[in-house]
Amino acid sequence: MLNKTKDETQNALTPGPLFGLPLPELTALVKGLNQPAYRGKQLHEALYRQRVASLDEISTLPTEFRELLKAEGYTVGLPEIVQTARSIDDTERYLIRMADGETVETVWMPDGDGGERGDGSQAAEEEEKEEQENNSIAAEQNPAAFPYRRSTICVSSQVGCAVNCQFCLTAKLGIRRNLTAGEIAGQVAAVLNRHRVELGSSRGNPTPARINLVFMGMGEPFLNYANFIAAVRLLTQMPIPESRMTVSTSGILPGILDFAKETVRPKLAVSLNASNDQVRESIMPITRKWNIAALLDALSIIPLRNREWITFEYVLLGGINDSLQHADELIALVSGMRCKINLIVWNSGPNMPFHEPPQSAVSAFQKRIIAAGIPAYIRRPRGRDIYAACGQLKRTVEQPPQLVELTTV
Ligand code: SAH
Ligand code: SF4
């Protein structure tokens with residue numbers, strides 16, 4: 001059931017979108033068209049640093065070569081934002097269309113989302129505070145230069161999802177296909193272009209925007225591992241450092257084992273969501289394949305870097321996993337691990353047999369974990385009114401939210 005997805009890959013020998021190809025492939029491509037190798041670098045720079053939308057914008061390439069590329073059938077091939085909805089909290093949700101017409105959703109959260117940073121260590125809090133102070137001084141001096149100081153983009157990895165977690169709206173779509181590396185990284189490029197974000201410092205841009213990425217949109221990144229990790233590598237070229245990226249998995253063991261071996265990798269968040277196998281099985285059927293003990297075992301082999309923690313996400317479902325007894329079980333499971341807990345109050349969806357726990361239960365649960373010496377944060381829900389909060393990324397086209405007007409751009 002899980003491995004049914006067609007593996008979508010890109011390669012330079014088949015004309016089509018260039019966005020997504022790494023430098024060696026771009027170099028092979030230009031050489032194949034009798035061009036000097038440095039044209040590969042120029043293409044790379046234009047695609048990932050300048051984030052051009054069309055071949056015509058690549059002024060470093062001679063016109064004849066651009067025409068040749070077009071005649072051969074190459075395009076930049078950035079995915080396109082076709083619908084956008086803006087929340088009262090300034091979160092924006094986009095419907096992004098791929099070349100074959102499939103769509104996914106991507107979310108922009110200005111000023112980030114404290115809980116999603118995926119670290120939560122005191123050092124990170126301090127770094128952030130200092131950064132905010134510096135930025136506000138600079139912004140006062142020149143407000144136009146600081147439209148977005150810090151933002152988080154939530155990225156999708158598949159069209160739909162096969163994992164079938166009972167509380168998740170994306171699950172209702174089933175799996176349609178994997179995204180290519182270019183389609184994953186391309187969501188970020190499309191959103192950054194929309195907001196005219198300049199990354200990387202230069203003389204003209206001494207204080208670049210700080211963009212965080214969370215791979216927490218539609219899909220299970222570790223069931224599309226090769227494309228996901230290739231996208232991470234492309235994104236680091238843009239440049240977004242991998243230390244500012246967090247990937248969330250529902251606990252796909254082979255993916256976790258591969259991830260543990262990567263030298264360039266984001267931080268890891270794991271959707272635990274239950275404190276014992278019985279409850280987890282009832283809400284996350286994947287537990288039957290890999291139970292909690294096997295999952296924690298696999299996590300223990302990840303070599304954590306300096307100041308790195310594993311984040312456990314725990315969606316609180318009223319009456320199902322939110323009692324103090326569950327909190328105690330959770331503490332027993334994770335104590336001794338370098339981790340923190342992100343508590344996410346369940347975001348409701350139509351016709352789903354769950355309910356949001358009362359605020360009192362949420363704070364009692366959090367207090368219990370903190371009292372055991374484990375950092376626990378309650379994740380601020382973003383964009384609830386536009387169905388952009390966690391797990392609410394069901395395709396707009398299929399079920400348009402009633403609360404805001406959608407605009408076609
Ligand atoms: N497939 C990956 C990443 C996308 S889901 C994963 O499951 O980890 C991102 C997070 O949203 C997960 O932690 C998931 O448990 C949570 N989530 C899903 N549906 C939710 C809902 N309705 N309310 C709150 N969180 C939800
Ligand atoms: Fe897939 Fe994650 Fe939703 Fe589970 S929570 S169905 S893994 S997107």
Side-chain angles (χ1 to χ4, degrees), residues 1-2 5 104-107 109 113 115-116 118 152-176 178-179 184 187 213-225 228 245-253 255-256 259 266-274 279-290 295 299 310-318 320-322 340-357 362 377-384 387-395 399 401:
M1 168 283 294
L2 292 175
T5 329
V104 294
E105 294 195 328
T106 309
V107 184
M109 293 170 276
D113 174 340
E116 280 181 340
T152 298
I153 301 174
C154 179
V155 184
S156 291
S157 55
Q158 297 181 305
V159 184
C161 186
V163 181
N164 199 21
C165 303
Q166 300 298 295
F167 49 83
C168 173
L169 280 175
T170 303
K172 304 238 178 274
L173 297 172
I175 178 74
R176 293 180 62 90
N178 279 335
L179 294 179
I184 298 172
Q187 294 165 60
L213 300 182
V214 292
F215 298 92
M216 296 185 183
M218 286 167 60
E220 170 46 64
F222 283 8
L223 285 178
N224 184 18
Y225 189 81
F228 152 71
M245 305 179 193
T246 302
V247 61
S248 175
T249 180
S250 56
I252 306 297
L253 254 63
I256 293 174
F259 186 76
K267 290 182 229 167
L268 183 64
V270 177
S271 301
L272 190 55
N273 296 340
V279 174
R280 197 168 191 266
E281 251 182 63
S282 71
I283 55 173
M284 297 181 72
I286 190 82
T287 313
R288 283 198 282 275
K289 192 158 180 144
W290 296 294
L295 174 58
L299 294 176
I310 288 181
T311 299
F312 286 108
E313 292 153 300
Y314 194 100
V315 178
L316 286 162
L317 302 160
I320 292 184
N321 63 0
D322 63 338
K340 66 156 184 150
I341 312 277
N342 263 358
L343 298 171
I344 313 168
V345 177
W346 181 64
N347 290 308
S348 61
N351 308 320
M352 296 178 94
F354 298 107
H355 66 264
E356 205 182 301
V362 176
Y377 301 82
I378 299 174
R379 206 151 92 180
R380 186 157 56 109
R382 299 289 305 255
R384 273 193 175 194
Y387 276 61
C390 306
Q392 300 202 314
L393 295 175
K394 191 161 156 63
R395 279 168 37 193
Q399 196 145 37

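Order of appearance sets the numbers: ligands from 1, and atoms from 1 within every ligand.
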Novice: Checking side-chain polar atoms at under 3.5 Å, does Q158 have a donor or acceptor matched by the opposite partner on N178?
Specialist: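 N178 and Q158 do have a side-chain donor-acceptor pair below 3.5 Å.
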Novice: Give the numbers and elements of all ligand 1 atoms closer than 4.0 Å to a heavy atom of F167.
Specialist: 15 (O), 17 (N), 18 (C), 19 (N), 20 (C), 21 (C), 22 (N)
Novice: Identify, by atom number and element, the atoms of ligand 1 in contact range of N273, meaning under 4.0 Å from any of its heavy atoms.
Specialist: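 Checking each atom against N273, I get 15 (O).
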Novice: Under 6.0 Å from the ring centre and within 45 degrees of the ring axis: does the NZ or CZ of K340 meet both conditions for the six-membered ring of Y377?
Specialist: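 Cation-pi check for K340 and Y377: passes.
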Novice: Check each atom of ligand 1 against the heavy atoms of G219 and keep those under 4.0 Å away; list them by number with element.
Specialist: 1 (N), 2 (C), 3 (C), 4 (C)
Novice: Starting at CD1 of I252, measure out to CG of L223 and round the result to the nearest 0.5 Å.
Specialist: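 The distance works out to 4.0 Å.
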Novice: At what distance, to the nearest 0.5 angstrom, does CZ of R280 lie from CD1 of I320?
Specialist: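 Those atoms lie 14.5 Å apart.
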Novice: Check each heavy atom of N347 against ligand 1 and say whether those closer than 4.0 Å belong to the side chain, the backbone, both or neither.
Specialist: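 It is both parts that get close, each with some atom under 4.0 Å.
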Novice: Checking E281 against T287: is there a side-chain donor and acceptor pair closer than 3.5 Å?
Specialist: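 Short answer, no.
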Novice: Please could you name the atoms of ligand 2 that C161 approaches to less than 4.0 Å, counting only its heavy atoms?
Specialist: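 By the 4.0 Å cutoff, the relevant atoms are 1 (Fe), 6 (S), 7 (S), 8 (S).
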Novice: Which of the atoms of ligand 2 are close to N164, meaning less than 4.0 Å from one of its heavy atoms?
Specialist: 6 (S)
Novice: Rounded to the nearest 0.5 Å, what separation is found between the CG atom of L295 and the NZ atom of K289?
Specialist: 14.5 Å
Novice: Show me which atoms of ligand 2 lie under 4.0 Å from any heavy atom of S250.
Specialist: 7 (S)
Novice: Any idea which atoms of ligand 1 are less than 4.0 Å away from a heavy-atom of E220?
Specialist: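 This gives 1 (N), 2 (C) as the contact atoms.
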Novice: Under 4.0 Å from ligand 1, counting heavy atoms only, is it the side chain of T249, its backbone, both or neither?
Specialist: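 Backbone only; the side chain of T249 stays clear of ligand 1.
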Novice: Tell me whether the rings of F215 and F228 are parallel (<30°), tilted (30 to 60°) or perpendicular (>60°).
Specialist: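 The arrangement is perpendicular - the two ring planes meet at more than 60°.
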Novice: N/O of S248 under 3.5 Å from N/O of ligand 1, yes or no?
Specialist: yes
Novice: State the atoms of ligand 1, each with its element, that fall below the 4.0 Å cut-off from a heavy-atom position in S271.
Specialist: 6 (C), 7 (O), 8 (O), 12 (C), 13 (O), 14 (C), 15 (O)
Novice: So, 4.0 Å and heavy atoms of C161: is ligand 1 close enough to count as a contact?
Specialist: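 Distance cut 4.0 Å: C161 fails for ligand 1.
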Novice: Does ligand 1 have any atom sitting under 4.0 Å from a heavy atom of G217?
Specialist: yes
Novice: May I ask you to decide if the ring planes of F354 and F167 are parallel, tilted or perpendicular, using 30° and 60° as cut-offs?
Specialist: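 Perpendicular.
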Novice: List every atom of ligand 2 that sits less than 4.0 Å from any heavy atom of A171, numbering the atoms from 1 in the order shown and giving each element.
Specialist: 6 (S)
